[in-house]
Asker: 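Input: one structure, supplied below.
Throughout, protein chains are lettered first and strands after them, A, B, ... in sequence-line order, and every chain is numbered starting at 1.
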2 protein chains.
Amino acid sequence: MKVVTVLRTADRIIHTAVQLFNQHGTGKVSTNHIASAAQMSPGNLYYHFRNKEEIIRAILDQMYAKWNGVWNLPSEGKVTLEDLRSRLIMNFEILWEFRFFYREAIALFQADEQLRQTHLRMMNSRMADQEAFVQRFVEAGVLTIPPDRDILRKLLTACWIVANNWLAFLEMNGTIVTAERFQEGVALIWSILTPYLANRREGDEPPW
Amino acid sequence: MKVVTVLRTADRIIHTAVQLFNQHGTGKVSTNHIASAAQMSPGNLYYHFRNKEEIIRAILDQMYAKWNGVWNLPSEGKVTLEDLRSRLIMNFEILWEFRFFYREAIALFQADEQLRQTHLRMMNSRMADQEAFVQRFVEAGVLTIPPDRDILRKLLTACWIVANNWLAFLEMNGTIVTAERFQEGVALIWSILTPYLANRREGDEPPW
DNA sequence: GTCTATATCGCGATAGAC
DNA sequence: GTCTATCGCGATATAGAC
């Protein structure tokens, strides 16, 4: 069986485009730039992709594929805090790899309705996955549910927002993003969940 | 004294630009579009602004001015939960009025370093204001501080992220944003702070 | 599949009249 | 202050040779 050592042209375009988009933003990067950086002619690029939108769609398809791998559960055994932590880290890694996207997502949707639809489906799927995850979490006794389930939903929404915007928050503050920062993002989620976590039971001392 | 009934030209440009930016995104809106929508010639627009970047800067100066009005404190009297709520609502109103900005902020910074610097100063100022606010909050006994001040900082960071990304979250879900949604954003913040709020003291029942 | 050459278009920006 | 006219440029996209 042949070992593929070089990327196929379409993949080279996608790979190059991600780098440039992350570096300069989608608006500043033209198809000419991408072709040039990928060391091919503009005509060749257009042979593989109709336009820039289509390149972006192809990139996001890759991102979605990665995400689908994150929240699938071990079919057996207890779900632990460590399971949650590692998934959050993976989440941050994906966000960082395709950071141009969270930086401009809504604007990209404004320019490409199809992208918005695709993303919407993807988000719902991710949310469902996470809900299943949390369900297992509760069953494992790691998370103490407040009787008011509405509180739980709000907390999870808050956690979702933090998880998806922590890196953007850092960037807006001019902070250089490194792997250690991912941990801090997890700590932020932890701080929200702490009162409901661990071995707390009614009447226990609060965790602080 | 003369009552000004029509906006001065520069303000008309700014006002029109905000509408168009919110509607289509900054990338899709050219100076020509703005001039046309404001019913003036491109040349006239360029008489008042050097380029699109400068228009954006002028818009954001207006936004910052509004923000400075939000977190200044009543110099006397206790600070209540209602004070916090009303400020959060004002916060959402401003974000919504200039929503094109939070949709593309980081990308805009990539294209305009000066904008980044200005915003950085503004953010730090806002954060300082909020810290002062929280300080008063603690003094008023509304907020029970965990002895570990680090927890408090994390919680406030989480709240900041939620407050600044709640509307974006709604938009990414395809939800139509209305004034009622602002309340839900406040509820989200509440859900994070609840364990530390109100009349809780060591040994009390948890609030759920 | 990949290249070169080229057509078209709209944007940013300025000059100069009024 | 405002307009008209216009220039130069770069981006998208296609045609046709190899």
Asker: May I ask you to say whether A:R99 pairs ionically with A:E171, meaning some side-chain N is under 4.0 Å from a carboxylate O?
Answerer: no
Asker: Report yes if a side-chain nitrogen or oxygen of B:N44 is closer than 4.0 Å to either non-bridging phosphate oxygen (OP1 or OP2) of D:dG1; otherwise report no.
Answerer: no
Asker: Could you verify whether a donor N or O on one side chain and an acceptor N or O on the other, from B:R85 and B:Q183, lie under 3.5 Å apart?
Answerer: yes
Asker: Of all the nucleotides listed (D:dT4, C:dG1, D:dT14), which has the minimum atom distance to the side chain of A:Y46?
Answerer: D:dT14
Asker: Among C:dG1, D:dT2, C:dC11, which nucleotide has an atom closest to any side-chain atom of B:H48?
Answerer: D:dT2
Asker: Once rounded to the nearest 0.5 Å, what's the spacing between atom CH2 of B:W190 and atom CG of B:L84?
Answerer: 4.0 Å
Asker: Would you say A:H33 places a side-chain N or O within less than 4.0 Å of OP1 or OP2 belonging to D:dG10?
Answerer: no
Asker: Between A:K66 and A:E93, does any side-chain N to carboxylate O distance fall below 4.0 Å?
Answerer: no
Asker: Check every strand shown and say whether B:N51 touches a base, only sugar-phosphate, or nothing at a heavy-atom separation below 4.0 Å.
Answerer: sugar-phosphate
Asker: Within this structure, what is the CG-to-P distance between B:N32 and D:dC3, rounded to whole angstrom?
Answerer: 13 Å
Asker: Could you please spell out the steps behind the side-chain hydrogen bond (donor to acceptor under 3.5 Å, both in side chains) verdict for B:S36 and B:H33?
Answerer: CA-CA 5 Å; B:S36 160; B:H33 291 144; over 6 Å; no
Asker: Hey, is B:R57 close enough to B:D112 for a salt bridge, meaning N to O under 4.0 Å?
Answerer: yes
Asker: Please report the distance, rounded to the nearest Å, between CD in B:E53 and C1' in C:dC11.
Answerer: 14 Å
Asker: In whole Å, what is the span from the NZ atom of A:K28 to the P atom of D:dG10?
Answerer: 13 Å
Asker: Starting at CG of B:L45 and ending at P of C:dC11, how long is that distance when rounded to a whole Å?
Answerer: 13 Å
Asker: Please report the distance, rounded to the nearest Å, between CG in B:D112 and P in C:dG12.
Answerer: 15 Å
Asker: Base, sugar-phosphate alone, or nothing: which one does A:S30 contact when heavy atoms must sit under 4.0 Å apart?
Answerer: sugar-phosphate
Asker: Would you say the ring centroid of A:Y64 lies under 6.0 angstrom from that of A:H119?
Answerer: yes
Asker: Report the nucleotide, chosen from D:dT12, D:dG1, D:dA13, that has the shortest atom-to-atom distance to any side-chain atom of A:T31.
Answerer: D:dT12
Asker: Taking CD from A:Q39 and P from C:dC3, how many angstroms apart are they, rounded to a whole number?
Answerer: 10 Å
Asker: Below 3.5 Å is the cut-off: list the nitrogen or oxygen pairs between protein and nucleotides 15-18 of chain C, distance only.
Answerer:
none

Asker: Check the distance between D:dA13's P and A:I13's CD1 and give it to me in whole angstrom.
Answerer: 14 Å
Asker: Taking atom C1' of D:dG1 as reference, at what distance in whole Å does atom CG of B:D11 sit?
Answerer: 15 Å
Asker: Ignoring backbone atoms, establish whether A:Y47 has a side-chain N or O less than 4.0 Å from OP1 or OP2 of C:dG1.
Answerer: yes
